[in-house]
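Worksheet: the structure to be examined is printed underneath.
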Number of protein chains: 2
Amino acid sequence: MKENSVFQALADPTRREILRLLRNGDMTPGEMIGSFNITQPSLSHHLNMLKQADLVIAQRQGQNLVYSLNVSVFEETVGMMLDIFGKKNNNKE
Amino acid sequence: MKENSVFQALADPTRREILRLLRNGDMTPGEMIGSFNITQPSLSHHLNMLKQADLVIAQRQGQNLVYSLNVSVFEETVGMMLDIFGKKNNNKE
DNA sequence: ATTATAATTAGATGGTTGTCTAATTAACTA
DNA sequence: TAGTTAATTAGACAACCATCTAATTATAAT
């Protein structure tokens, strides 16, 4: 896992909001754009950073690109944070 | 909590290593510096970012500044990540 | 008061980020 | 083959970041 890019990706409120949106189901950039006050190229930039960090996955469906969460990387990151802080990570059922 | 500065702070390997060091007990910059290949002003800069993010606390003891972890902010951050990813956060005994 | 030690602050520099407009690629439709 | 829609890529720009050297502040010791 690329910790740097993961935390870097999480350090922007727009990107965290994208993740929250995706939590409720897969979405295309065209569906997301209404939730933000930025242009589509900026949104595309943010999606690219999330993709670099492996936090999201993109799949083409016709004209659309459908973005989904990549939950495993997220859970690894939480695990790493718990590790840094020394809290026992014995709750992975 | 200032999510931006917390994640920004975590996005640097030197700063994550500082946190791991502090996990084993409070330390002064002079004690930390040997673990890194950077100058003391750079270390001071990193400590300042961690302080801005409320991840560490500094207390003067004579000539020394003693840095400690601020665990509560860390746990809030983990909680926020679990929230973003929709995982139930029912393991806080 | 002077000197020494611990650490920060100031200032400079090269690299990265967030945003925009303009141009391009990709896929569908008629 | 155009024309349309969806989205990315290119290029520019101001702001921020990691690092360094040099200067400064704060405390202690003689």
Side-chain angles (χ1 to χ4, degrees), chain A residues 1-22 25-70 77 84, chain B residues 1-22 25-70 77 84:
Chain A
M1 186 185 36
K2 318 140 189 166
E3 292 98 346
N4 284 16
S5 53
V6 171
F7 287 120
Q8 184 61 51
L10 292 171
D12 182 275
T14 298
R15 291 193 288 264
R16 290 196 301 274
E17 185 59 25
I18 290 171
L19 294 173
R20 286 197 195 86
L21 288 177
L22 291 179
D26 298 355
M27 287 183 89
T28 67
E31 292 167 334
M32 296 177 202
I33 191 64
S35 302
F36 303 100
N37 245 340
I38 58 176
T39 62
Q40 262 208 343
S42 294
L43 175 59
S44 186
H45 166 70
H46 287 305
L47 288 168
N48 192 48
M49 298 202 75
L50 290 169
K51 201 160 58 177
Q52 295 300 311
D54 270 335
L55 287 168
V56 303
I57 294 163
Q59 276 179 302
R60 185 169 279 283
Q61 280 186 12
Q63 279 170 293
N64 303 306
L65 279 172
V66 180
Y67 282 86
S68 342
L69 286 184
N70 186 3
T77 306
I84 288 177
Chain B
M1 187 186 36
K2 319 140 185 167
E3 291 98 345
N4 285 16
S5 53
V6 171
F7 286 120
Q8 183 61 50
L10 292 170
D12 182 276
T14 297
R15 290 193 289 264
R16 290 196 301 275
E17 185 59 26
I18 291 172
L19 294 173
R20 286 197 194 86
L21 288 177
L22 291 179
D26 298 356
M27 287 183 88
T28 67
E31 291 167 337
M32 297 178 201
I33 190 65
S35 303
F36 303 100
N37 245 338
I38 59 177
T39 61
Q40 261 207 341
S42 295
L43 175 59
S44 187
H45 165 70
H46 287 305
L47 288 168
N48 191 49
M49 299 203 74
L50 291 169
K51 203 161 56 176
Q52 295 299 313
D54 270 334
L55 286 168
V56 304
I57 295 163
Q59 276 180 302
R60 185 169 279 281
Q61 280 186 10
Q63 278 169 296
N64 303 304
L65 278 172
V66 180
Y67 282 86
S68 342
L69 285 185
N70 185 4
T77 306
I84 288 178

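Protein chains get the first letters and strands the later ones, always in sequence-line order, with residue 1 at the start of each. Computed from a prediction, not measured in an experiment: that's the story for all the values here.
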Completion exercise
Counting primed atoms, P, OP1 and OP2 as sugar-phosphate and everything else as base, the B/S/- map of nucleotides 24-30 of chain C against protein heavy atoms under 4.0 Å is --SBS--
Exercise for the section: Look only at the side chain of A/R20 and the backbone of A/R15, and say whether a donor-acceptor pair between them is shorter than 3.5 Å. Expected result: no
Problem - Residues in side-chain hydrogen bond (donor to acceptor under 3.5 Å, both in side chains) contact with B/N4, at least two apart in sequence or another chain - result: A/R16
Handout entry: Pairwise distance CG(B/L65) to CD(B/Q59) - rounded to 0.5 angstrom
Key = 10.0 Å
Practice task
Please identify each residue that fulfils side chain to side chain contact (heavy atoms under 4.5 Å, CB included) with B/D26, with sequence neighbours left out.
Solution key: B/V66, B/S68
Exercise for the section: Hey, could you give me the OG1/CG distance between A/T14 and A/L47, rounded to the nearest 0.5 Å? Expected result: 10.5 Å
Problem - Point-to-point distance, once rounded to the nearest 0.5 Å, from CD1 of B/I84 to CG of A/L55 - result: 9.5 Å
Handout entry: Boundaries of the DNA chain D segment in contact with chain B, non-hydrogen, under 4.0 Å
Key = D/dA18 to D/dA28
Practice task
Could you tell me which residues satisfy side-chain hydrogen bond (donor to acceptor under 3.5 Å, both in side chains) with A/H45, sequence neighbours excluded, listed by chain and number?
Solution key: none
Practice task
Kindly write out the residues that satisfy salt bridge (Lys or Arg N to Asp or Glu O under 4.0 Å) with B/K51, not counting sequence neighbours, or none if the list is empty.
Solution key: none
Fill in the blank from the handout: As a check of understanding: the bend across the helix from C/dA1-D/dT30 to C/dA30-D/dT1, end axes from five pairs, rounded to 10 degrees, works out to 10°
Exercise for the section: Nearest 0.5 Å please: distance from the CD atom of B/Q8 over to the CD atom of B/Q52. Expected result: 12.5 Å
Practice task
Check DNA chain D against residues 9-20 of chain B and give the residues with a non-hydrogen atom under 4.0 Å, in numerical order.
Solution key: B/D12, B/R15
Practice task
Using whole Å, report how far CD of A/Q8 lies from P of C/dT16.
Solution key: 11 Å
Exercise for the section: Could you list the residues that satisfy side-chain hydrogen bond (donor to acceptor under 3.5 Å, both in side chains) with B/N70, not counting sequence neighbours? Expected result: B/S72
Quiz: residues 29-42 of chain A side-chain donor-acceptor pairs under 3.5 angstrom, not counting sequence neighbours:
unit_1 : atom_1 : unit_2 : atom_2 : d
A/E31  : OE1    : A/T28  : N      : 2.9
A/T39  : OG1    : A/S42  : N      : 3.4
A/T39  : OG1    : A/S42  : OG     : 3.3

Problem - Integer-rounded Å distance: C/dT16 C1' and A/Q52 CD - result: 14 Å
Problem - Gap separating the CG atom of B/N64 from the CE atom of B/M27, nearest 0.5 angstrom - result: 11.5 Å
Exercise for the section: Check whether any side-chain N or O of A/T39 sits under 4.0 Å from OP1 or OP2 of C/dC20, and answer yes or no. Expected result: yes
Practice task
For DNA chain D, determine which residues of residues 43-51 of chain A have any heavy atom closer than 4.0 angstrom to one of its atoms, and list them numerically.
Solution key: A/S44
Exercise for the section: Classify the nucleic acid contact of A/F36 as base, sugar-phosphate or nothing, counting any heavy atom under 4.0 Å across all strands shown. Expected result: nothing
Fill in the blank from the handout: Here the gap from A/L22 atom CG to A/L69 atom CG, rounded to the nearest 0.5 Å, amounts to 5.0 Å
Handout entry: Nearest non-hydrogen partners of A/L10 and B/F7, listed with the distance
Key = O-CD1, 3.3 Å
Practice task
Not counting sequence neighbours, which residues clear salt bridge (Lys or Arg N to Asp or Glu O under 4.0 Å) with B/D12? List them please.
Solution key: none
